[in-house]
Amino acid sequence: MTPTRRRWRRTAGAAALALAAAGCGIRGTSVPVDAGGAPSRVSCKAPTDETPPGSPGGTQTTVYLVCGSALAQVERTVPPAKGASDADPRLPAARALLNELQRHPSADEEKAGFSSALPADLKVNGPRAGDPSDALRLSIRPDDLPSFALAQLVCTYGANAALGRTHAAVLGGPGDDPAHRYDCSADVLANPDIAENAGWGDPLSEKG
């Protein structure tokens, strides 16, 4: 084979490869591309809270954070609640827990894959006249919150001793709509998007 013919075959082969790559949606490149390593999996293993229980710095409590597509509990030391003289003694605890959920996860929590969906501007107040005694009013309608945020709040409130450990929360918004009961079930923990389903927070679930 002559040198000219060999050069022609190499040129034709290169052109064929370029056309094949274009047909597959692959752009050719003249330099090596470093796509990076494969995405690492998060552990969803909560870091240990090294603050001794009952320390003067606060009270150890459980909050629920987002990890992957589910909720997982994390132990945190919550500072002493302020405003304990409020008419509703549960309100300082509810506000302290909301602050914890709005706080950016620690470096160890973030490394383990934890995050929070709670809006930074969300506020909580006590019940209004005509509300159930265990109701709490939010500055945003519960159903207008991101589904993960509502599930976090419900499960965190439902696990707290100061709020009765009811595994639920009775929540209302800033308007005149009645407060509804939202239960923190295993399904909610595994699939926080359940908040978007009709029936969760139905007033009829307030029985018992």
Side-chain angles (χ1 to χ4, degrees), residues 42-49 51 58-79 81 88 90-127 132 134-174 177 179-202 205-206:
V42 295
S43 68
C44 290
K45 182 178 180 181
T48 302
D49 187 341
T51 306
T59 304
Q60 197 172 46
T61 191
T62 298
V63 300
Y64 281 87
L65 300 181
V66 179
C67 198
S69 59
L71 298 187
Q73 65 182 45
V74 174
E75 295 300 316
R76 281 189 179 169
T77 299
V78 179
D88 184 352
R90 301 174 314 119
L91 188 53
R95 286 174 171 164
L97 290 169
L98 175 58
N99 288 339
E100 282 298 309
L101 292 174
Q102 291 171 323
R103 179 164 66 85
H104 191 80
S106 69
D108 286 341
E109 289 170 348
E110 205 165 31
K111 184 177 180 181
F114 290 99
S115 63
S116 182
L118 266 293
D121 59 346
L122 181 66
K123 294 178 175 58
V124 62
N125 288 296
D134 57 347
L136 293 165
R137 286 279 174 174
L138 305 177
S139 59
I140 300 174
R141 289 179 65 247
D143 291 346
D144 289 340
L145 289 171
S147 57
F148 277 69
L150 180 56
Q152 278 185 261
L153 196 60
V154 167
C155 292
T156 297
Y157 280 174
N160 188 259
L163 300 181
R165 281 204 184 102
T166 57
H167 302 292
V170 181
L171 303 173
D177 293 341
H180 296 172
R181 177 186 171 95
Y182 298 84
D183 296 295
C184 178
S185 64
D187 287 340
V188 171
L189 292 173
N191 180 26
D193 276 336
I194 196 172
E196 297 177 352
N197 298 341
W200 199 52
D202 192 311
S205 69
E206 290 182 15

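All values below were derived from every heavy atom in this structure, side-chain atoms included, with hydrogens, water molecules and symmetry-related copies excluded.
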Kindly give the heavy-atom pair with the smallest separation between Gly173 and Pro142, and that separation in Å.
N-CD, 3.7 Å
CZ of Arg165 to CG of Asn160: how many Å apart, nearest 0.5 Å?
7.5 Å
If you define the side chain from C-beta out and look only at heavy atoms, does anything of Leu101 sit under 4.5 Å from Leu122?
no
Looking only at heavy atoms, what is the nearest atom pair of Cys67 and Ala112, with distance?
SG-O, 3.7 Å
Ala70 and Ala190 have their tightest heavy-atom pair at CB-O, 3.8 Å
Hey, could you give me the CG/CG distance between Leu145 and Leu118, rounded to the nearest 0.5 Å?
7.5 Å
What are the two closest non-hydrogen atoms of Arg137 and Ala179, and how far apart are they?
NH2-N, 3.8 Å
For a 4.5 angstrom cut-off between non-hydrogen side-chain atoms, does Leu97 reach Val124?
no
Pairing of Arg103 and Glu109 as salt bridge, 4.0 angstrom limit
no
Less than 4.5 Å apart, side chain to side chain, heavy atoms only: is that true for Asn125 and Arg95?
yes
Could you please spell out the steps behind the side-chain contact (heavy atoms from CB on, under 4.5 Å) verdict for Tyr157 and Leu98?
CA-CA 9 Å; Tyr157 280 174; Leu98 175 58; 3.8 Å; yes
Side-chain heavy atoms of Asp177 within contact of Asp143, under 4.5 Å:
no
Side-chain heavy-atom pair Leu65, Gln152 within 4.5 angstrom cut-off:
yes
Inter-residue atom distance His104.NE2 - Ser116.OG, 0.5 Å rounding:
10.0 Å
Can you confirm whether the side chains of Ser139 and Asp121 place a donor and an acceptor under 3.5 Å from each other?
no
If you take all heavy atoms of Val63 and Glu100, which pair is closest and at what distance?
CG1-CB, 4.2 Å
Validation row: Tyr64, Leu189 side chains within 4.5 angstrom (heavy atoms):
yes
Using every non-hydrogen atom in the two residues, find where Ile140 and Asp144 come nearest and quote the distance to one decimal.
CG2-CB, 3.9 Å
Could you grab the distance from atom OG1 of Thr62 to atom CZ of Arg76, nearest 0.5 Å is fine?
11.5 Å
Leu71 vs Val66 side-chain heavy atoms within contact, under 4.5 Å
yes
Determine whether Glu110 and Ser115 satisfy the following criterion, side chain to side chain donor-acceptor pair (under 3.5 Å), listing intermediate values before the conclusion.
CA-CA 7 Å; Glu110 205 165 31; Ser115 63; over 6 Å; no
Do the non-hydrogen side-chain atoms of Asp193 and Phe148 ever get within less than 4.5 Å of each other?
yes
